[in-house]
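Note that this is a predicted model, so its numbers are computed, not measured.
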Number of protein chains: 2
Amino acid sequence: MTGISSIGEIARDTGTSVQTVRYYEARGLLPKPPRSDGGQRRYTDDHRTRLLFIRHAREMGFSLPDIAEMIDLSSVSGKPCEPVDRMARCQLAEVDRKIARLQALRSALSGMIERCDGEDVSSCRILETLGASSHPEDK
Amino acid sequence: MTGISSIGEIARDTGTSVQTVRYYEARGLLPKPPRSDGGQRRYTDDHRTRLLFIRHAREMGFSLPDIAEMIDLSSVSGKPCEPVDRMARCQLAEVDRKIARLQALRSALSGMIERCDGEDVSSCRILETLGASSHPEDK
DNA sequence: CTTGAAGCTACAATTGCTATAGGGATTAGG
DNA sequence: CCTAATCCCTATAGCAATTGTAGCTTCAAG
């Protein structure tokens, strides 16, 4: 198994779309693979490994520039992984901020919904809350 | 206070950028305001009210098309607010999904970080985790 | 009347893809 | 060997919701 594969195969194997694989190549995240006589991309296991790395990092929410930097850092061994650690912590902090914002949002939303009595729009608490400090009734 | 204001003024008042105000107008969310002799936009309190509504709804995470629909629904009174309620519940469910995804992400990230000993990249647990099922040491 | 801030339009860039058009390559079957 | 189905190719445009740019005009204060 594995070995040489077409773009459709590594895409399927890694849960990526074909266009996205080409997009990563264009962005310089995935090295340009050799081509068949007819000009089609032929991928090796190294490419698959790299692509999996990218996908996992994307699932962790890292941006493509961050991923590029991690790949770059990891390519020369012997360097300290402190920059990688810093990026991961930064990402964690970002995730924490997003969670906090969403939780505040969630409670505001559910409060709004609870107060809505389902009558008509002129008395809708949701619309009223969104309008805040102003009266929706004047046009 | 309030009354007639320039685009910069309502932008400042509502925590919006000037470009964004013009963008909402182009998208049809904000009605076209009258212009000064020189062609500059002159806003009334009605515009401010509308713009605040849009900003609050955006803070709640509603999309611009959703907001357009809510404005549309609320403009004719006497209609039931059930569609608004449905949109809000849908948005709440979406927020819940996002929170769940971010919490899973958070624990994966912090697990990764905890295992990292800060040595060099060749032994970095973060890079290893992202690479998963493959060995980063071969180039 | 001059100056500097603010406004105008139109268009490009952002992020990470996805979709489309208009072709060529590959492969399995007959 | 021929054909049909499926894949692949490049190039380009689109998405959401802004933000940024360039080059010009208008406004308000002194």
Let me test you: for the helix from dC1(C)-dG30(D) to dG30(C)-dC1(D), what is the angle between the axes at its two ends (five pairs each), rounded to 10 degrees?
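Its terminal axes enclose an angle near 10°.
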
Tell me whether Arg125(A) at atom CZ has more than 12 heavy atoms from other residues, nucleotides or ligands lying less than 6.0 Å away.
no

Nearest to the side chain of [X] - [options]?
X	options	value
Ser17(B)	dT19(D), dC8(D), dA17(D)	dT19(D)
Thr20(A)	dT18(D), dT18(C), dC8(D)	dT18(C)
Gln19(B)	dT18(C), dG16(C), dT19(D)	dT19(D)
Arg22(B)	dC27(D), dC9(D), dG7(C)	dG7(C)
Arg41(B)	dT9(C), dA17(D), dT19(D)	dT9(C)

Looking only at heavy atoms, what is the nearest atom pair of Ser17(B) and Ala11(B), with distance?
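Answer, listing the atom of Ser17(B) first, then Ala11(B): C-CB, 4.1 Å.
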
Considering non-hydrogen atoms only, spot the tightest contact between Phe62(A) and Met87(A) and give its length.
CE2-O, 3.9 Å

Both Ser63(A) and Tyr43(B) contact DNA chain C. Taking the nearest nucleotide for each, which residue is further toward the 5' end?
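Nearest-nucleotide comparison on DNA chain C picks Tyr43(B).
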
[X] bridged to [Y] by N-O distance under 4.0 Å:
X	Y	result
Arg97(A)	Glu94(A)	yes
Glu59(B)	Arg55(B)	no
Asp46(A)	Arg50(A)	no
Arg12(A)	Glu9(A)	no

Is a side-chain donor or acceptor of [X] paired with a backbone partner of [Y] at a separation under 3.5 angstrom?
X	Y	answer
His47(A)	Tyr43(A)	no
Arg115(B)	Gly111(B)	yes
Gln91(A)	Gly61(A)	yes

Using atom [atom1] of [X] as one end and atom [atom2] of [N] as the other, report the distance to the nearest whole Å.
X	N	atom1	atom2	result
Ile4(A)	dT27(C)	CD1	P	13 Å
Glu94(A)	dT15(C)	CD	P	14 Å
Glu9(B)	dT26(D)	CD	P	19 Å
Glu25(A)	dC8(D)	CD	P	14 Å
Arg12(A)	dC8(D)	CZ	P	8 Å
Leu51(B)	dA17(D)	CG	P	16 Å
Tyr23(B)	dG20(D)	OH	C1'	15 Å
Ile67(A)	dT15(C)	CD1	P	13 Å

What's Tyr24(B) touching, base or sugar-phosphate or nothing? Going by heavy atoms closer than 4.0 Å.
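Answer is sugar-phosphate: Tyr24(B) comes under 4.0 Å of backbone atoms only.
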
Enumerate the residues from residues 27-40 of chain A whose closest heavy atom to DNA chain D is under 4.0 Å, giving them by residue number; use none for an empty result.
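Heavy-atom contacts with DNA chain D come from Arg35(A), Gly39(A), Gln40(A).
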
